[in-house]
Protein chains: 2
Amino acid sequence: MSTKSTAERIIDAALQLISAKGYTAATTKAIADLAGVNEVTIFRHFGNKRGILKAVIEKFSYLPLLQEEINKNVTWDLETDLLNFSVKHFNFLMSIKDFVMIGFKEGMQFPEINEEIANTPLHIKNELIHYLQEMHERGKVREIDFEAAALSLIAINVGHFISRARLGTIVSDIPTEILLKTSISIFSRGLTP
Amino acid sequence: MSTKSTAERIIDAALQLISAKGYTAATTKAIADLAGVNEVTIFRHFGNKRGILKAVIEKFSYLPLLQEEINKNVTWDLETDLLNFSVKHFNFLMSIKDFVMIGFKEGMQFPEINEEIANTPLHIKNELIHYLQEMHERGKVREIDFEAAALSLIAINVGHFISRARLGTIVSDIPTEILLKTSISIFSRGLTP
DNA sequence: CTAGCATGTAAGTAATTACTTGCATGGGAG
DNA sequence: CTCCCATGCAAGTAATTACTTACATGCTAG
């Protein structure tokens, strides 16, 4: 048996099913079955179906922010730092893949999810802008629109993530490591004065 | 009244609703209402609900491939060509936004959609690789993993598209034009020998 | 004008879904 | 041991959903 609490097992099951099939198609019965729990237990814990989703969102709102992790290990060597960031960002997205997929599927219907999802890029963007400005002052990054540059870097990672998470190796089977390395090699060279 | 045929109006309504709420939540009744058509008419046209989705997918399988458009207007100036591609790619994605969203939502459940969606990046990737190789031979692009570079360029555009299509201006309100211009400015400089 | 074809209207059906209620049970805390 | 709390089980309900059938109506081509 699992060591997880009943509520946790329900949340995990809901996360899986909603991310795979969407909120409407993920029936309470299916969630209960996957969690190995009686259907009534769900309602006793969360009141109604929306309650499960609310709990799922809450679970991800306390995520240790990627932001803090990023600031560590700054070497002030552009390519090293950007690659470090890129790998962390990519792995972070992969680790919350199911939640991100729910965001794509249900963000329009449940705005709370969108806000939660938008939170991360917003913070990251600001960190990156700050970093790029500092690097510019150190003469290691050329004059450029820092916000647009930060957004572009985020876009690369998100793009790679989407491609891998949604299409697997249909489009390409290049190892992710090489993909990120090449991206950053090009990007950091493009930023250098 | 609309000049569109009944079938077309149903397909358009389904496209809107499924992209907004997902396949399961997009009721045949709701689709019929939005199309301004009686619910039975849907079944007379498409047999069953799956039939509507099939028709939606078919509608997008005959898209004039972006691929051909890209090859036009090649100037063999790196930044000019890449920006031209980037803008076209981004606008293409925006023009089929609803279909892309359906792909995100239902791709796992209806693999036909995924195949259709993966088609575009696959073709584009090959065109880009070809272009980069040629540019390399002309001494205008440095030695690099061309496939990874092509995928990265696609990733930037997809990333920007996702951000704009899903989060609007929550993350940033920089005009798309400037965003793409900056991306390409960095990227093309990063590719230059 | 008329025949036929596309569509609307009305009514219904079987299955599913979110959710409720009442009762049984078992394991852990006092 | 006993009490209680979480959970299981059984049964049910109102609403919704995909889909069907039968019939009426109106526009268009011949």
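Proteins come first, then strands; the chains are lettered A, B, ... in the order of their sequence lines, and each starts at number 1. Reckoned from all heavy atoms, side chains included, excluding hydrogens, waters and symmetry mates.
- Checked against the 6.0 Å centroid threshold, B:Phe90 and B:His160 do not count as a close aromatic pair.
- A heavy atom closer than 4.0 Å to some atom of DNA chain D occurs in A:Gly36, A:Val37, A:Asn38, A:Val40, these being the qualifying members of residues 21-40 of chain A.
- Judged by distance alone, the side chains of B:Ser152 and A:Ser183 do bring a donor and an acceptor atom under 3.5 Å apart.
- The line from CG of B:Leu83 to CG of B:Leu78 is 11.0 Å long, rounded to the nearest 0.5 Å.
- For B:Phe110 and B:Tyr23, the ring centers sit closer than 6.0 Å to each other.
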Taking only distance into account, with no hydrogens and no angle test, what donor-acceptor pairs under 3.5 Å do side-chain atoms of residues 94-102 of chain A form with protein atoms, sequence neighbours excluded?
| residue | atom | partner | partner atom | Å |
| --- | --- | --- | --- | --- |
| A:Ser95 | OG | A:Phe92 | O | 2.7 |
| A:Asp98 | OD1 | A:Ser19 | OG | 3.1 |

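- The CD1 atom of B:Ile42 sits 15 Å away from the C1' atom of C:dA6 (whole-angstrom rounding).
- Both B:Asn48 and B:Arg44 lie near DNA chain D, and the one whose nearest nucleotide falls closer to the 5' end is B:Asn48.
- Between B:Phe46 atom CZ and D:dT20 atom C1' there is a gap of 18 Å when expressed in whole angstrom units.
- Rounded to an integer number of Å, the gap from B:Lys4 NZ to C:dT7 P is 16 Å.
- Taking atom NZ on A:Lys49 and atom C1' on D:dT16, their separation rounds to 13 Å, with Å as the unit.
- Salt bridge status for B:Arg138 with B:Glu134: present, with a side-chain N to carboxylate O gap under 4.0 Å.
- Residue A:Thr6 has a polar side-chain atom (N or O) positioned under 4.0 Å from OP1 or OP2 of D:dT7.
- For C:dT7, one of the phosphate oxygens OP1 or OP2 lies less than 4.0 angstrom from a side-chain nitrogen or oxygen of B:His45.
- Rounded to a whole Å, the CD1 atom of B:Ile10 is 10 Å from the C1' atom of C:dT7.
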